[in-house]
Amino acid sequence: MKYTTRKSAILLLSDGTIFHGKSIGISGTTFGEVCFNTGMTGYQEIFTDPSYFGQIMVATNPHIGNYGVNDNEVESNGIKIAGLVCKNFSFNYSREDASGSLEDYFAKHNLICISDVDTRALVSYIRENGAMNSVICTDDTPIEELKAALAKVPDMKGLELASKVSTKEPYFFGDENAKYKVSALDLGIKTNILRNLAKRDCYIKVFPYDSSYADLASFNPDGFFLSNGPGDPEPLDSAIAVAKEILANDKPLFGICLGHQVIGLANGISTYKMFNGHRGINHPVSNLITGKGEITSQNHGFAVNREELEANPEMEITHLHLNDGTVAGMRMKNKNCFSVQYHPEASPGPHDSSYLFDQFVENLKK
């Protein structure tokens with residue numbers, strides 16, 4: 001294989017810290033909140049997850065690109081991360097059913113990537129100092145110019161991003177002759193969530209993030225779903241209002257991740273930005289109802305306030321994150337409503353929590 005030289009590149013954090021590496025060949029700059037994912041597989045699903053919109057992803061797996069990409073392993077209509085930081089970027093791949101290389105995939109979507117970074121040191125730094133805005137530069141832009149531009153990037157706290165990734169028009173998913181009908185509010189929905197509902201005999205109509213309750217109810221659904229998505233949940237006034245109306249009409253409701261936070265806000269429970277967030281496919285969760293442990297796939301930078309939830313007589317915590325005690329799931333005592341902070345569709349990740357889709361379908365039967 002011919003030896004090629006690659007341009008130097010940098011990752012500049014908002015506190016002025018610089019990490020050095022190499023460009024994979026796509027020139028430019030890209031801005032976003034830097035975060036890390038501890039998953040050892042599933043990089044393509046991570047890169048196309050709408051919940052990562054506006055974030056620069058640090059891969060803790062030292063090898064990225066080694067199995068290429070597959071057209072069937074996407075969670076949306078394209079790459080959603082703002083940029084990638086990795087240790088070893090593999091320009092070659094060795095997977096028989098790959099559709100192509102990750103390098104070509106990035107070139108198609110013009111995604112800027114910096115490799116050859118000491119990602120162990122970077123992740124340790126983020127763990128100690130928290131997630132913060134950053135910029136990847138592969139085109140030799142002067143440092144002072146980058147710092148000035150980075151200072152203008154808005155903080156994730158208070159940032160509404162669902163509108164950036166939600167569908168513009170309603171669409172259908174699944175078999176129209178399915179037994180159950182579900183109206184889903186798209187705040188950044190993952191395709192594998194729709195697949196999990198469809199294979200449980202649900203026909204789903206997916207609505208834009210700012211749709212009204214009347215819009216969703218016009219499908220005459222058996223139940224409602226609030227999806228995952230990026231950004232701060234607090235600015236989502238329309239989605240919060242929709243959740244309130246669903247509950248007021250006593251309809252079955254299931255929320256995942258951002259949808260879980262919206263349900264909390266609809267019940268007067270505040271949310272907060274976490275220091276680092278949870279992103280990976282090996283997060284331990286305790287199911288307080290069954291007493292069992294679950295290994296879960298997680299991706300969130302905001303969480304529901306546990307003290308306020310425990311003080312709410314109409315709410316009950318169903319799942320807790322075992323690493324830090326944050327709320328991982330909740331349900332309403334007098335309503336057909338439950339939600340989780342993690343991803344039971346687990347793409348990528350373990351399938352310990354796929355029963356939650358069965359639980360939702362059981363609620364539709366009622």
Side-chain angles (χ1 to χ4, degrees), residues 1-37 39 43-50 52-69 74 76 78-93 100-126 129 131-156 161 164 230 279:
M1 185 172 65
K2 186 177 71 172
Y3 178 79
T4 56
T5 59
R6 291 193 287 137
K7 287 186 62 177
S8 295
I10 65 166
L11 172 73
L12 170 66
L13 305 183
S14 59
D15 66 359
T17 304
I18 297 175
F19 286 83
H20 296 271
K22 299 287 186 180
S23 168
I24 69 162
I26 301 169
S27 182
T29 58
T30 185
F31 298 83
E33 183 185 68
V34 67
C35 63
F36 59 89
N37 187 294
Y43 56 70
Q44 187 179 359
E45 294 94 329
I46 292 168
F47 300 160
T48 57
D49 181 351
Y52 282 123
F53 185 86
Q55 292 183 308
I56 288 175
M57 175 56 58
V58 180
T60 58
N61 186 340
H63 299 286
I64 294 296
N66 50 308
Y67 58 82
V69 296
V74 295
S76 65
I79 292 177
K80 293 297 184 286
I81 60 172
L84 175 68
V85 182
C86 64
K87 176 60 177 174
N88 301 315
F89 188 92
S90 181
F91 293 88
N92 301 301
Y93 59 95
S101 71
L102 187 60
E103 178 189 12
D104 291 341
Y105 192 60
F106 279 6
K108 175 183 176 182
H109 293 276
N110 196 34
L111 186 94
I112 294 171
C113 171
I114 178 174
S115 68
D116 296 79
V117 174
D118 186 346
T119 49
R120 291 179 300 178
L122 174 56
V123 168
S124 294
Y125 192 85
I126 298 170
N129 296 278
M132 66 185 78
N133 285 336
S134 63
V135 54
I136 298 173
C137 176
T138 63
D139 62 4
D140 299 321
T141 300
I143 294 293
E144 293 307 314
E145 285 187 28
L146 292 175
K147 288 182 177 180
L150 185 55
K152 297 177 181 178
V153 177
D155 188 74
M156 191 64 74
L161 293 176
K164 307 293 186 183
R279 299 175 182 89

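- Considering all non-hydrogen atoms of both residues, Met156 and Gly54 come closest at CE-O, 4.0 Å.
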Report task. Show your reasoning for whether side-chain contact (heavy atoms from CB on, under 4.5 Å) applies to Tyr93 and Val69. Result -> CA-CA 9 Å; Tyr93 59 95; Val69 296; over 6 Å; no
**Report entry** Residue pair Asp139, Lys7: steps toward the salt bridge (charged side-chain N to carboxylate O under 4.0 Å, His left out) verdict
**Finding:** CA-CA 8 Å; Asp139 62 4; Lys7 287 186 62 177; over 6 Å; no
Query raised in the report: Given Ile10 and Ile143, is the side-chain contact (heavy atoms from CB on, under 4.5 Å) satisfied, shown in steps?
Result: CA-CA 10 Å; Ile10 65 166; Ile143 294 293; 3.3 Å; yes
Requested in this report: Decide side-chain contact (heavy atoms from CB on, under 4.5 Å) for Asp116 and Lys87; before the verdict, give the C-alpha distance in whole Å, the side-chain angles of both, and the deciding distance to 0.1 Å.
Outcome: CA-CA 5 Å; Asp116 296 79; Lys87 176 60 177 174; 5.7 Å; no
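- The closest donor-acceptor contact from the side chain of Thr48 to the backbone of Gln44 lies under 3.5 Å.
- For the residue pair Asn37 and Tyr43, no side-chain donor N or O sits within less than 3.5 Å of a side-chain acceptor on the partner.
- Evaluation of the ring pair (Phe, Tyr, Trp, His ring centres under 6.0 Å) rule for Phe31 yields no partner, not counting sequence neighbours.
- Using cut-offs of 30° and 60° for the angle between ring planes, the Tyr125 and Phe19 rings count as perpendicular.
- Between the Asn88 side chain and the Pro62 main chain, a donor and an acceptor come within less than 3.5 Å of each other.
- With hydrogens and angles left out, the side-chain atoms of Asn92 and Ser90 include no donor and acceptor closer than 3.5 Å.
- One finds the CG atom of Leu122 at 11.5 Å from the SG atom of Cys86 (value rounded to the nearest 0.5 Å).
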Report task. Give the C-alpha distance, both sets of side-chain angles, the deciding distance and a yes or no for side-chain contact (heavy atoms from CB on, under 4.5 Å) between Phe89 and Cys113. Result -> CA-CA 9 Å; Phe89 188 92; Cys113 171; 4.0 Å; yes
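- Contact annotation: the side chain of Leu102 approaches that of Ile64 to within less than 4.5 Å [non-hydrogen atoms, C-beta and beyond].
- One distance of note links NE2 of His20 with CG of Asp118; it measures 12.0 Å at 0.5 Å rounding.
- Residues Ser134 and Leu13 approach most closely at CB-CD2, 3.7 Å, considering heavy atoms.
- Within a 6.0 Å radius of NZ in Lys108, other residues, nucleotides and ligands contribute 12 heavy atoms or fewer.
- Checking Ser115 against Arg6 by side-chain atom types alone, a donor-acceptor pair falls below 3.5 Å.
- The CZ atom of Arg279 sits 11.5 Å away from atom CD1 of Ile46, with the distance rounded to the nearest 0.5 Å.
- In terms of heavy atoms, Lys80 sits closest to Pro50 at CG-CA, 3.7 Å.
- In terms of heavy atoms, Thr30 sits closest to Ile56 at O-CD1, 3.7 Å.
- Side-chain N or O atoms of Thr138 include one that pairs as donor or acceptor with a backbone N or O of Gly28 at under 3.5 Å.
- Residues Ile112 and Thr29 approach most closely at CD1-N, 3.3 Å, considering heavy atoms.
- Residues Leu84 and Ile114 fail the side-chain proximity criterion, which asks for heavy atoms closer than 4.5 Å.
- Atom-to-atom distance recorded for Cys137:SG and Glu145:CD is 9.5 Å, nearest 0.5 angstrom.
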Report task. Apply ring pair (Phe, Tyr, Trp, His ring centres under 6.0 Å) to the pair Phe47 and Tyr52, showing each step before the final yes or no. Result -> CA-CA 7 Å; Phe47 300 160; Tyr52 282 123; 8.7 Å; no
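- Between Val117 and Leu11, the closest side-chain pair of non-hydrogen atoms is not below 4.5 Å.
- With values rounded to the nearest 0.5 angstrom, Met57 atom CE is found 11.0 Å from Leu111 atom CG.
- Lys22 and Ala9 make their closest contact through C-CB, 3.9 Å (heavy atoms, listed as atom of the first residue, atom of the second, distance).
- The structure places CG of Asn61 at 9.0 Å from OG1 of Thr119, a figure rounded to the nearest 0.5 Å.
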